[in-house]
Amino acid sequence: PNGSTKPKENWRHSPNCGIREIGEGKFIVGGKLNVLVYTESILDLKNVSILVCAEGREAKISGRIAKTVMEKASKPQQKQIESRLIRFKQYSDVLQTEFGINDYKMIFFAIMRPFGDKKPRIDDFTLLENTTVKVLDAANMRKTKNGKSDLSVAIPLLGTGICYKFLLLY
């Protein structure tokens, strides 16, 4: 992929976390999860099942990707998103739609807190891990429910406020 990057040593929890590089910007995690690292617009991907948007706990949509989703959604879809996001939310919650935009089939809103002063705190890493696990669990439940063998998830760099770098998991 254009603009892909190699992982840095400090990305890993421990030396035994099971990340193995299989090509430029391509990795296998735990022997099962394929990860592709892209630095292009997450909204321009094709043939990806689920788009993840980072969103805060505020009632008003504040994330850049979420705002773009709202602009592209129909009025009934906008109302569905607003009704889900207006409810009380906890960090790490993953709210799902039954529709997508562009080539995406579904949108997940991952409730995140921005990293402090662009420098993550220890609890930011825990929140990021918990949220990512919940996103992947929700995607796996969708895969099982729909009987699909292949399911891909585009996840931006949650908590960073950066929407042009992301991971594609499948």
Side-chain angles (χ1 to χ4, degrees), residues 1-14 17 19 25 27 29 33 35-45 48-73 77-97 99-102 104-142 152-170:
N2 186 17
S4 63
T5 60
K6 289 188 172 190
K8 296 177 183 173
E9 282 299 315
N10 62 359
W11 286 16
R12 301 177 184 174
H13 276 283
S14 71
C17 72
I19 297 175
F27 309 91
V29 179
L33 179 66
V35 177
L36 301 175
V37 179
Y38 287 90
T39 57
E40 304 299 321
S41 172
I42 197 168
L43 296 166
D44 295 336
L45 284 174
V48 178
S49 307
I50 299 169
L51 170 64
V52 177
C53 304
E55 190 53 54
R57 288 180 43 191
E58 307 84 18
K60 184 179 176 188
I61 291 177
S62 58
R64 286 181 267 184
I65 298 170
K67 285 179 180 178
T68 301
V69 166
M70 286 296 280
E71 290 170 4
K72 293 180 177 266
Q77 292 170 334
Q78 289 174 359
K79 287 183 188 241
Q80 183 189 63
I81 292 168
E82 288 169 352
S83 72
R84 288 175 192 226
L85 291 178
I86 202 154
R87 296 184 194 129
F88 181 74
K89 306 172 283 236
Q90 295 293 323
Y91 289 126
S92 282
D93 284 351
V94 177
L95 311 170
Q96 305 170 35
T97 67
F99 61 86
I101 62 160
N102 296 354
Y104 292 102
K105 311 282 185 282
M106 184 176 299
I107 310 295
F108 285 5
F109 292 88
I111 309 306
M112 283 293 297
R113 172 183 65 219
F115 294 164
D117 297 323
K118 301 199 183 217
K119 182 177 180 183
R121 300 167 294 256
I122 295 297
D123 59 333
D124 288 333
F125 289 115
T126 303
L127 177 62
L128 178 61
E129 180 180 17
N130 292 341
T131 306
T132 302
V133 166
K134 285 185 178 184
V135 164
L136 296 176
D137 283 347
N140 277 331
M141 289 191 339
R142 288 293 179 161
S152 52
V153 183
I155 304 176
L157 295 175
L158 299 172
T160 65
I162 299 171
C163 62
Y164 58 87
K165 295 182 179 181
F166 59 92
L167 299 177
L168 176 61
L169 307 171
Y170 64 97

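We count residues from 1, following the sequence as given.
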Value rounded to 0.5 Å, distance of [atom1] in [X] from [atom2] in [Y]:
X    : Y    : atom1 : atom2 : value
I42  : I155 : CD1   : CD1   : 8.0 Å
M112 : N130 : CE    : CG    : 9.5 Å
I107 : R84  : CD1   : CZ    : 12.0 Å
S41  : I65  : OG    : CD1   : 7.5 Å
D93  : F109 : CG    : CZ    : 13.5 Å

Keeping the roles fixed (side chain from S152, backbone from S49), state whether a donor-acceptor pair exists under 3.5 Å. yes

For [X] and [Y], work out which heavy atoms get closest and say how close.
X    : Y    : answer
A54  : P156 : N-CG, 4.5 Å
A73  : Q78  : O-NE2, 3.2 Å
Y91  : L127 : CB-CD1, 3.4 Å
V48  : A154 : CG1-N, 3.8 Å
M106 : T97  : CG-O, 3.0 Å
V135 : A110 : CG2-CB, 4.2 Å

Check side chain to side chain donor-acceptor pair (under 3.5 Å) between S92 and all other residues, then give those that pass, not counting sequence neighbours. T131

Run L51 and L43 through side chain to side chain contact (heavy atoms under 4.5 Å, CB included) and show every step you take. CA-CA 8 Å; L51 170 64; L43 296 166; 3.8 Å; yes

Test of understanding: with side chain to side chain contact (heavy atoms under 4.5 Å, CB included), list the residues that count as partners of D137, not counting sequence neighbours. V133

Residues two or more places apart in sequence or in another chain: which of them pass side chain to side chain contact (heavy atoms under 4.5 Å, CB included) with K72? T68, I101, N102

Assess whether side chain to side chain contact (heavy atoms under 4.5 Å, CB included) is satisfied between Y104 and V52, documenting all intermediate values. CA-CA 10 Å; Y104 292 102; V52 177; over 6 Å; no

Does the pair D124 and R113 meet the rule for a side chain to side chain contact (heavy atoms under 4.5 Å, CB included), with working shown? CA-CA 8 Å; D124 288 333; R113 172 183 65 219; 2.9 Å; yes

So do I81 and I61 actually touch side chain to side chain, heavy atoms under 4.5 Å? yes

